[in-house]
Structure formats: C-alpha cells, structure tokens
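Structure, as structure tokens:
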Amino acid sequence: MTILLTGGAGFIGTHVLAALLRNGHEVRVLDSLRADVHRSGDWRPPAGVAFFRGDVRNPALVMEALEGVDAVVHLAAKVGLGVSLDDMPDYAGTNDTGTAILLAAMARRNVPRLVLASSMVVYGEGQADCAEHGAVTPAPRRPEDLAAGRFEPRCPHCARPLAHRLVDEATPFDPRNAYATSKMAQELYAANWARMTQGSVAALRYHNVYGPGMPQDTPYAGVASLFASALLKGEAPRVFEDGGQRRDFVHVRDVASATVAALERHEAGVAAFNVGSGTPRTVGEMADALATALAGPRPVITGGFRLGDVRHITADSRRLREDLGWRPQEDFAAGIAAFAAEARARAAPTRRAS
C-alpha cells in the first residue's frame, strides 16, 4: 500500500516508518518538525520516502500529500500533559483541528483507511471496584487530598478505598486534562468521518511508550525520558506522589508493530485497540530501573503532584491480541537497558561539548 504517515519524523513515527518499510509499503511522511520536539529542526527521510514538511492544518499541503494514497497512519499531535492552561489552545488546534482537516481531505481524496494514534489518557482513572458499590468510576482527586499525601482515588459514593482493574476498550471516556480531551475528540471526529464515508478506523490507545529516540530535555516528554535526562546530568530522578502510580510501559518497537498490524489487518468499521505490554508497573519501579541501568543516584520521592495526572491506568490489550494477532515482543529489563545505553550515547556529544 501507499501510506501517508503524519508525524513520521517523531519518536513513535520513526519506528512506525521503519516497520512499514520492512513490510514493503511505500511511505510518505508529513511532519512539521515542531520546535518543542525537534530541537535541531532537521530530519532526513530514508531513501525512497517522500517528505512533506509542514503542518497538518495546511489543507493544500495535506491534499498534495494524500494524492494516490491508500491509507493514512495519523501520529502527528501535540503530546504530553502540558505545562499550563496556556497549552490548551495548542492541543485543540494541533490535535483536533489538524485531525478534522486531515479527515476532510481524506474524504475528498477517497482515502478509505485510517489508523489513528490515540492514548490511554482518554480513560481518565478508568474503572475500579468498591466493596460496597461494585464497579465505579473513581472520583476526581481533590487538591487538598493530594497536598496531604492522600493519593489513592476513592469511591464517588462512599469514599472507601478502591481496587483498580485493567481497562478494556469499552471503558467510558473520562478525559481529565486538555491532552486527554483532544485525543478523545480525535477519535470522535474519526468515527464521524467513517460513518460518512464508510471508511475504516483503528484507534490505537497507546499506553506509556518508552524506548530509543524519546525526546529529551522537554517538559512534554514521557516520564522515562525525564528520568533518564536527570540521571545523565548526575541528578536523582524526581518522582511525583509516592511513586505508586501504576502504568503499562510498552516498548516503542511493540507499539510500531501494533500500528502496522492495525493498518494491514483492520479493514472495516471503527474499532479501538489498547496497546500495552500487559504487565503493570509503578512509576517508582521505572525510575528505579533507569537509575540502575544508568548507574545514577536513587530516585527521590517528592510527594509533589499535578492536578491533571491520574493515579492508576493500565491496559487490557486482549482485543489487539485476539483480533489482530499481535503480541508484544520486547522484554522490559532488556528494553530499559537498551534505552539507557542509547540515551547515554545521545547525551555524550553534549557533555563533551560543555
């Protein structure tokens, strides 16, 4: 197939690009090389890959890039929790308006297939079980509780402690920050497009992605990158709350293989797929693993918090495994060691220059 890959110069995008090329697809990349992600402002595509440098919100450029395309893999987005509410217009503009412009252009070009990079953040705190009230959606955490070190969400009815469980794709949307809201909107726009065009959509709800090529030294980077950046400066990684937040850390090569599987095997209708390793770990465990791999200082538990963060969100990825035949391949310990080695190698020229 001929594929348009938006965001193909980014962290996940470069791994998806490599996987698409290995599978024999012809690929075009559209990427704006955002300054908050691509500090050098430079990226060169592999041989044979056409590169359209520009914003997905440019309708003329998108129409040009879509000519003769069979399917789109849409990764281009502003990611991360954000620094402040001043980021909100950028999330709405880049993620939501950009997706709407892309979908309208796909309709005009009669491109029938879309793989959309969504996120586990659409679930908020997911679902949990209360001993008295059964399955519940955890109540938003109150600032006064967080400030007092009471980090665990409570039952919205009786305030009892909750037993958290894996979230499947039927879990209701409950976005709790601007990034999460923008990813939910992208999914809804894509579903609107599919109904109007009879197109197919695979919305991949990526969990916490880590691996080689993660952006460094940016407040919008993932937690693994933030920890690695601190350790490479000789500083202890600073862990919010008590470090007990549970996540599903999934290697970027597994994410890339899941994305290609969705492109090649999901051919009709609208479906969401969780993309996770299947093994929940805490943020503190990730910090410990990186500190060991980089021979750095042990993590510091700060007790700090961000109101947009959720406490526990981990995936049930059975649908992806059963419907598309995907399996994660990357071992966590080996993946962390390789990520640490790559981060150290990337940081070495900077240290020598200083």
**Study point:** No-hydrogen, no-angle side-chain donor-acceptor test under 3.5 Å, N23 and E264
**Key:** yes
Practice item. Evaluate the side-chain proximity of T197 to P112: yes if any heavy-atom separation is below 4.5 Å, no if none is. Key: no
**Study point:** From CA spacing to verdict: side-chain hydrogen bond (donor to acceptor under 3.5 Å, both in side chains), S317, N274
**Key:** CA-CA 5 Å; S317 298; N274 288 334; 5.5 Å; no
Review point. Just wondering, more than 12 heavy atoms not from Y189 lying within 6.0 Å of its OH?
Key: no
Revision key, fill the gap. Scanning both residues in full, the closest heavy-atom pair of N208 with R247 reads OD1-CD, 3.4 Å
Check your understanding: Do you reckon L162 sits in the same ILVMFWY cluster as I313, going by side-chain contacts under 4.5 Å, direct or chained?
Key -> no
**Study point:** Residue pair R346 / G213: nearest heavy atoms and the distance that separates them
**Key:** NH2-C, 3.6 Å
Check your understanding: Would you call R281-D288 a salt bridge at under 4.0 Å N-O?
Key -> no
Check your understanding: Do H15 and I12 have side chains that get closer than 4.5 Å, going by heavy atoms?
Key -> no
**Study point:** V111 side chain reached by D70 side chain, heavy atoms, under 4.5 Å
**Key:** no
Check your understanding: For M63, what are the other residues in its hydrophobic cluster, where any two members join if their side-chain heavy atoms are less than 4.5 angstrom apart?
Key -> none
Practice item. Assert yes or no for the condition that the ring centre distance of H251 to Y210 is strictly below 6.0 Å. Key: yes
Practice item. State which residues pass ring pair (Phe, Tyr, Trp, His ring centres under 6.0 Å) with F51; sequence neighbours excluded, sorted by chain then number. Key: W43
Check your understanding: Can you check salt bridge (charged side-chain N to carboxylate O under 4.0 Å, His left out) on R141 and E241, steps first, answer last?
Key -> CA-CA 12 Å; R141 297 188 295 170; E241 302 186 17; 2.8 Å; yes
**Study point:** Pairs touching residues 187-199 that satisfy salt bridge (charged side-chain N to carboxylate O under 4.0 Å, His left out), sequence neighbours left out
**Key:** E187-R205
Practice item. Kindly indicate whether the side chain of L307, heavy atoms from C-beta on, has any atom under 4.5 Å from the side chain of L146. Key: yes
Check your understanding: So, R34 and D55, do they make that salt bridge, N to O below 4.0 Å?
Key -> no
**Study point:** Any donor-acceptor N or O pair under 3.5 Å, side chains E152, H312
**Key:** yes
Point to revise | Check: L290 and P237 side chains under 4.5 Å, non-hydrogen atoms | key: no
Review point. W326: what forms a side-chain hydrogen bond (donor to acceptor under 3.5 Å, both in side chains) with it, not counting sequence neighbours?
Key: S257
Review point. What pair of heavy atoms forms the shortest contact from P138 to H164, and how long is it?
Key: CG-CE1, 3.9 Å
Review point. Do E144 and R150 sit within salt-bridge range, that is, some charged N less than 4.0 Å from a carboxylate O?
Key: no
Exercise for review: Can you see which heavy atom on L324 is nearest to which on H266, and at what distance?
Suggested key: CD2-N, 4.1 Å
Point to revise | Test log, rule side-chain contact (heavy atoms from CB on, under 4.5 Å), inputs V209 and F11 | key: CA-CA 10 Å; V209 187; F11 163 47; 3.8 Å; yes
**Study point:** Pairing of D129 and R165 as salt bridge, 4.0 angstrom limit
**Key:** yes
Practice item. Please identify each residue that fulfils salt bridge (Lys or Arg N to Asp or Glu O under 4.0 Å) with D323, with sequence neighbours left out. Key: none
Exercise for review: Kindly write out the residues that satisfy salt bridge (Lys or Arg N to Asp or Glu O under 4.0 Å) with R238, not counting sequence neighbours, or none if the list is empty.
Suggested key: none
Review point. Hey, any chance L33 and L61 share a hydrophobic cluster, counting ILVMFWY side chains that come within less than 4.5 Å of each other, even indirectly?
Key: no
Review point. Salt bridge check: are R53 and D31 linked by an N-O gap of less than 4.0 Å?
Key: no
Practice item. Check whether any side-chain heavy atom of V62 sits under 4.5 Å from a side-chain heavy atom of V56, and report yes or no. Key: yes
Review point. Do the side chain of R160 and the main chain of A131 share a donor and acceptor less than 3.5 angstrom apart?
Key: no
Review point. Is it true that V223 and F305 fall in one hydrophobic cluster, defined by side-chain heavy atoms closer than 4.5 Å?
Key: no
Point to revise | Q329 backbone acceptor or donor facing D254 side chain under 3.5 Å | key: yes
Practice item. Compare every heavy atom of T6 with every heavy atom of H74, then report the nearest pair and how far apart it is. Key: ND1-OG1, 2.6 Å
Check your understanding: Any idea which heavy atoms bring G222 and M214 closest together, and the distance?
Key -> CA-CE, 3.9 Å
**Study point:** Ion pair E235/K233, N-O distance below 4.0 Å
**Key:** no
Review point. Is it true that the side chains of S277 and D248 contain a donor and an acceptor less than 3.5 Å apart?
Key: yes
**Study point:** Pair Q127-T171, side-chain hydrogen bond (donor to acceptor under 3.5 Å, both in side chains): steps then yes or no
**Key:** CA-CA 7 Å; Q127 295 282 285; T171 303; over 6 Å; no
Practice item. Inspect the contact between R318 and E169 and indicate whether a charged nitrogen and a carboxylate oxygen are less than 4.0 angstrom apart. Key: no
Exercise for review: Assess the side chains of T99 and Q186: does a donor N or O sit below 3.5 Å from an acceptor N or O?
Suggested key: yes
**Study point:** ring pair (Phe, Tyr, Trp, His ring centres under 6.0 Å) evaluation trace for Y91 with Y179
**Key:** CA-CA 6 Å; Y91 283 115; Y179 173 56; 5.8 Å; yes
Check your understanding: About how many Å separate OG1 of T314 and CD of Q245, when rounded to the nearest 0.5 Å?
Key -> 13.0 Å
Review point. Linking I/L/V/M/F/W/Y whenever their side-chain heavy atoms sit closer than 4.5 Å, directly or via other members, would V27 and L66 fall into one cluster?
Key: no
Review point. Cluster question for you: counting only ILVMFWY and a side-chain heavy-atom cut-off of under 4.5 Å, with indirect links fine, are L30 and L102 together?
Key: yes
